[in-house]
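I have placed the structure first, in the form of structure tokens, so that the comments after it can refer back to it.
Every value quoted in this text rests on a predicted model; they were computed, and no experiment measured them.
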Amino acid sequence: MVEDRSGSPDAEAAEAGASGADEAPGVAGSTAEAGAAGSDPDAQVAGADQVAVSDPDAQVARAGQVAVSDPDAQVAGADPDARWLALLMHAAFFLLLGASLTRFLMRHPGEARTPWIIALSITLAVLYLLGPVLGSRPTPRRLTWLGVLVVVWMVLVVLAPSFAWCAVPLFYTGLRILPPRAALALVALLTVFVVAAQLRLADGFDPNLVLAPPAVAAVATAVFVHMQRQAVRQRELAARQGELIDDLLRTRRELAATERREGTLAERQRLSMEIHDTLAQGLSSQQMLLQAADRTWSADPDAARRHVRRATGIAERNLAEARRFVHDLAPADLAEGGGLEAALHALAARESAQAEGALTVHCHVEGTPPAPLPDRVQSALLRIAQGALANVREHSGATAAGLTLTHLDDRVVLDIGDNGRGFTAEPEGVRGARTVRGHGLPAMRARVRQLGGTLTIESAPGEGTVLSAEVPLTTTEDPT
């Protein structure tokens with residue numbers, strides 16, 4: 001069933017010889033198109049991966065999808081351009097097949113082998129249509145399909161060299177489905193078969209038929225392999241980027257959790273300091289006054305009533321503090337207006353009145369602030385003064401105490417001094433048996449540290465105590 005050289009077969013042979021140089025380069029040129037077109041689907045993978053980088057969460061999911069062993073199916077599903085490329089390749093195949101069949105029928109009408117050519121052409125078309133149904137992975141069924149497709153094409157080329165143009169989809173399909181070495185072997189086999197068929201039907205030897213198809217096929221294959229490897233590198237890079245983004249998201253979640261924990265601890269510390277400097281001190285004073293009233297109730301009812309009235313006043317004050325504390329407002333003394341100076345004077349007067357002569361507290365203000373003090377600074381200094389005077393009242397045995405507020409250009413200093421019994425000052429962070437009960441000094445240090453300031457204590461047994469809180473006005477945040 002191979003063409004002979006009599007009648008119409010001679011015309012086919014002559015056409016093969018005359019147009020061999022045209023057909024073979026056409027096959028090679030189409031092979032180049034196959035290499036270029038075949039590289040595009042994998043390039044689409046890189047494009048799809050690059051698009052996914054704009055969304056960190058989508059990137060992680062997309063990287064996992066690209067890692068699937070069926071990249072072309074992933075591309076077709078992820079990028080509509082890849083679907084159009086596949087449709088274009090299918091259309092090109094059927095166009096080449098139809099053109100080859102039409103050319104044969106026009107040049108060789110009524111020949112005995114024409115029914116075979118038509119039947120094989122239909123078979124080749126049907127086989128090609130089955131390709132997308134079988135997928136793109138090199139499964140045994142897929143490899144069998146490819147082998148049958150190649151065999152049918154070879155028979156058609158032997159019968160009519162014009163069908164060599166249909167090598168384009170075979171190049172594309174083989175390079176896309178088979179592993180690199182198997183694909184290269186298939187390309188070499190198809191190229192050798194095309195050259196042999198062309199030379200067999202040519203009238204004479206034409207170097208172009210021998211050299212051009214292999215050269216162009218080699219270039220097309222090299223381009224396709226390079227693009228395929230580039231796509232693999234892009235997929236690996238996308239996978240690594242997905243892992244990095246996943247690590248970044250995990251780190252951000254851990255950082256957010258850490259910040260929440262730190263915020264919770266800071267708020268807990270703030271609440272403990274507020275409770276100590278307000279409610280706890282007031283309750284302690286009420287307890288002392290009520291105990292004194294209980295001791296003197298029978299012997300001196302008037303003194304006991306005075307103690308009760310003072311305890312009632314402290315309770316009212318604590319109630320106001322508690323209400324403002326619940327609503328996270330300023331201390332009651334500051335809320336009444338007048339600023340820190342007025343609040344310190346009111347505190348000194350109140351402590352003196354409550355002591356009934358046992359303790360006299362004076363308040364003195366030096367200098368004028370260059371600008372109104374921040375609310376946080378005023379609140380912190382007032383709380384420090386309240387805590388310090390509570391310590392003086394409960395532990396020092398002093399008869400006189402003084403509050404001195406000094407305004408400087410770049411800082412404000414609050415000094416609280418007394419003439420009590422004093423104590424041996426210990427370094428910051430060291431707590432002896434004498435301070436196991438107390439929460440005041442650590443709270444004062446924490447307040448000052450949050451404002452970027454310092455707290456110093458000067459004391460000695462029998463010489464009283466001076467506590468000094470210095471807060472800068474340029475930096476009010478704890479750098480740590």
Side-chain angles (χ1 to χ4, degrees), residues 267-297 303-340 342-363 375-376 378-403 414 416 418 420 435-448 465 467 469:
E267 181 66 12
R268 185 178 301 170
Q269 183 181 22
R270 186 187 73 84
L271 293 177
S272 66
M273 292 188 299
E274 292 287 341
I275 292 173
H276 175 271
D277 293 340
T278 56
L279 303 181
Q281 296 290 359
L283 292 174
S284 176
S285 299
Q286 292 177 53
Q287 182 185 23
M288 294 174 60
L289 290 171
L290 293 175
Q291 289 175 348
D294 183 64
R295 289 193 300 269
T296 61
W297 191 265
R305 291 188 182 92
R306 286 196 301 270
H307 291 322
V308 172
R309 286 194 296 270
R310 288 171 55 192
T312 302
I314 294 175
E316 293 176 353
R317 196 75 187 177
N318 270 10
L319 180 60
E321 289 284 0
R323 288 171 176 170
R324 294 181 180 277
F325 174 70
V326 169
H327 294 287
D328 196 23
L329 299 177
D333 289 330
L334 291 177
E336 293 175 355
L340 179 61
L344 291 177
H345 280 95
L347 175 63
R350 187 167 59 253
E351 290 291 336
S352 298
Q354 291 176 357
E356 295 184 341
L359 174 64
T360 302
V361 181
H362 299 280
C363 180
D375 293 340
R376 294 182 64 237
Q378 295 188 55
S379 178
L381 291 179
L382 180 58
R383 294 303 191 199
I384 291 173
Q386 290 173 340
L389 289 179
N391 288 339
V392 171
R393 183 179 61 252
E394 296 180 11
H395 307 297
S396 70
T399 58
L403 300 176
L414 176 64
I416 304 99
D418 66 74
T435 59
V436 170
R437 172 182 175 273
H439 183 70
L441 288 180
M444 296 178 195
R445 289 193 176 98
R447 289 184 185 277
V448 174
T465 303
L467 182 147

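Across Ala348 and Cys363, no two heavy atoms sit closer than the pair CB-CB, 4.0 Å. Scanning all heavy atoms of the two residues, the minimum distance from Met444 to Gly387 falls at CE-C, 3.4 Å. Residue Ala469 comes nearest to Ile384 through the heavy atom pair CB-CD1, 4.2 Å, listed as atom of the first residue, atom of the second, then distance.
Side chains of Leu289 and Val308 form no contact here, defined as non-hydrogen atoms less than 4.5 Å apart. In this structure, the side chains of Thr296 and His307 come closer than 4.5 Å at one or more pairs of heavy atoms. When side chains are defined from C-beta on, Thr399 does not count as touching Leu359, because their heavy atoms never get closer than 4.5 Å. Counting only heavy atoms from C-beta outward, the side chains of Leu467 and Leu414 never approach each other to under 4.5 Å.
Rounding to the nearest 0.5 angstrom, the gap separating the CG atom in Leu403 from the NE2 atom in His362 is 10.5 Å. Here the straight-line distance linking atom CG of Asp375 with atom CG of Leu340 works out to 11.0 Å at 0.5 Å rounding. Here the straight-line distance linking atom CG of Leu290 with atom CG of Leu283 works out to 10.5 Å at 0.5 Å rounding. Going from atom CG of Leu344 over to atom CD of Gln386 covers 9.0 Å, rounded to the nearest 0.5 Å.
No donor-acceptor pair under 3.5 Å is formed between the side chain of Thr465 and the backbone N or O of Asp418.
Side-chain contact, Arg393 with Ser285: a donor N or O sits under 3.5 Å from an acceptor N or O.
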